[in-house]
Amino acid sequence: MEEVEQEYFSQIKSQFDIIYPRLVTLYPNAHCELNYQNAFQLLAATILSAQCTDERVNMTTPALFANYPNPQALSEAQPEELESIIRSCGFYRNKARSLLGMSKMLVQDFSGQVPDTMAELIRLPGVARKTANVVLGNALGKNEGIPVDTHVIRLVARIGLSSQITPEKIEQDLMHISPREEWAMVSHRLIWHGRRVCNARKPLCEQCTLAPDCPTGRQILNLK
DNA sequence: ATCCCGAGGG
DNA sequence: CCCTCTGGAT
């Protein structure tokens, strides 16, 4: 359609085609680092993961699922008891409210099952596109979108995979320039690189194989 | 002081 | 668009 738009997509796609194969080499087996056994557990763990490390969530969920093994049990939890279990994950009042509201809706509107569409998932309290995409892409094997978290935002901005750094635009752009069957792995590999190399505070550009093709890496290393 | 696989409300 | 919610790690 618009020539400017075509030019824009061809530019970020060529950048993606340079960067992504290297991420595949670096992290062939990247995966969700939250521990879970089913969609309900991943949904709950992902709600807990907001502004919290996966490691801490994984320390919390064993007690959570022991006490509340399914949506029915979680929906009947005492708020104070639930809050005390999840407290160390932070935002514990909001998260407890989300877990309760989410599980109550699962029981009332979805016969105790986690729905498998974006439209239904984002109706759940405390669930928006990012959480829905994690559950869809990992526990349900459906790529309806791409989970965009703080790592994905940071790497897309540094590497230059989108011009407008908002979660919505980043997700649209990544969906546009990557094959659908890769969407879950695109997110995982960006996140793995973000955690291991492209840190928020001090990116390790000198040991990053992407640096020569990364605007931020070139700038920090004083290349070209 | 800054950041961690966000979401809801004003 | 902004703000708030929170504990833990560095």
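The chains referred to below are lettered A, B, ... by the order of the sequence lines, with proteins before strands, and numbering in each begins at 1.
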Exercise. Can you tell me, in whole Å, how much space there is between the P of dC5(B) and that of dC3(C)?
Key: 24 Å

Quiz item: Which residue lies toward the 5' end of DNA chain B, I122(A) or T53(A), if each is placed at its nearest nucleotide?
Solution: T53(A)

Quiz item: Roughly, in whole Å, what's the span from CD in E55(A) to P in dA9(C)?
Solution: 9 Å

Exercise. Would you mind classifying the nucleic acid contact of V152(A) as base, sugar-phosphate or nothing, using non-hydrogen atoms under 4.0 angstrom?
Key: nothing

Practice problem: Look at the side chain of R201(A) and the base of dT10(C), then say whether one donor and one acceptor between them are separated by less than 3.5 Å. | Solution: yes

Exercise. Give a yes or no on whether a salt bridge exists between K104(A) and D109(A), defined as a side-chain N under 4.0 angstrom from a carboxylate O.
Key: no

Quiz item: With a non-hydrogen cut-off below 4.0 angstrom, is P167(A) in contact with a base, only sugar-phosphate, or nothing?
Solution: nothing

Exercise. Could you tell me the separation between the NE2 atom of H176(A) and the CD atom of E171(A), rounded to the nearest 0.5 Å?
Key: 14.0 Å

Exercise. Quickly, which of V148(A), L161(A), D173(A) forms a side-chain contact (heavy atoms from CB on, under 4.5 Å) with V156(A)? Name it, please.
Key: L161(A)

Quiz item: What's the CZ-C1' distance between R56(A) and dG8(C), to the nearest Å?
Solution: 6 Å

Self-check item: E120(A)-T117(A) side chain donor-acceptor pair, cut-off 3.5 Å
Solution: yes

Quiz prompt | Between SG on residue C205(A) and CG on residue N222(A), distance to nearest 0.5 Å | solution = 11.5 Å

Quiz item: Is it true that H188(A) and Y27(A) have ring centroids separated by less than 6.0 Å?
Solution: no

Quiz item: Once you round it to whole Å, what is the distance between C1' of dG8(C) and CG of D54(A)?
Solution: 14 Å

Practice problem: Taking the six-membered ring for Trp and the full ring for Phe, Tyr or His, determine whether the centres of W192(A) and H151(A) are under 6.0 Å apart. | Solution: no

Self-check item: Residues within residues 73-92 of chain A bordering DNA chain C, heavy-atom distance below 4.0 Å
Solution: R87(A), S88(A), G90(A), F91(A), Y92(A)

Quiz item: What nucleic acid atoms does R154(A) come within less than 4.0 Å of, heavy atoms only: base, sugar-phosphate, or nothing?
Solution: sugar-phosphate

Practice problem: Rounded to whole angstrom, note down the P distance from dG8(B) over to dG8(C). | Solution: 24 Å

Quiz prompt | Nearest-angstrom distance, C1' atom, dA9(C) to dA7(B) | solution = 23 Å

Quiz item: Can you tell me if T46(A) uses its side chain to pair, donor with acceptor, with the backbone of T131(A) under 3.5 Å?
Solution: no

Quiz prompt | Same-atom distance (C1') from dC1(C) to dC4(B), integer angstrom | solution = 24 Å

Quiz item: Would you say the side-chain atoms of R189(A) pair up with the backbone N or O of P28(A), donor to acceptor, closer than 3.5 Å?
Solution: yes

Quiz item: chain A on DNA chain B: first and last contacting nucleotide, 5' to 3', under 4.0 Å to a heavy atom?
Solution: dT2(B) to dG8(B)

Exercise. Check the distance between dA9(C)'s P and N199(A)'s CG and give it to me in whole angstrom.
Key: 18 Å

Quiz prompt | Upstream residue (5' side of DNA chain B) when C52(A) and T131(A) are each assigned their closest nucleotide | solution = C52(A)

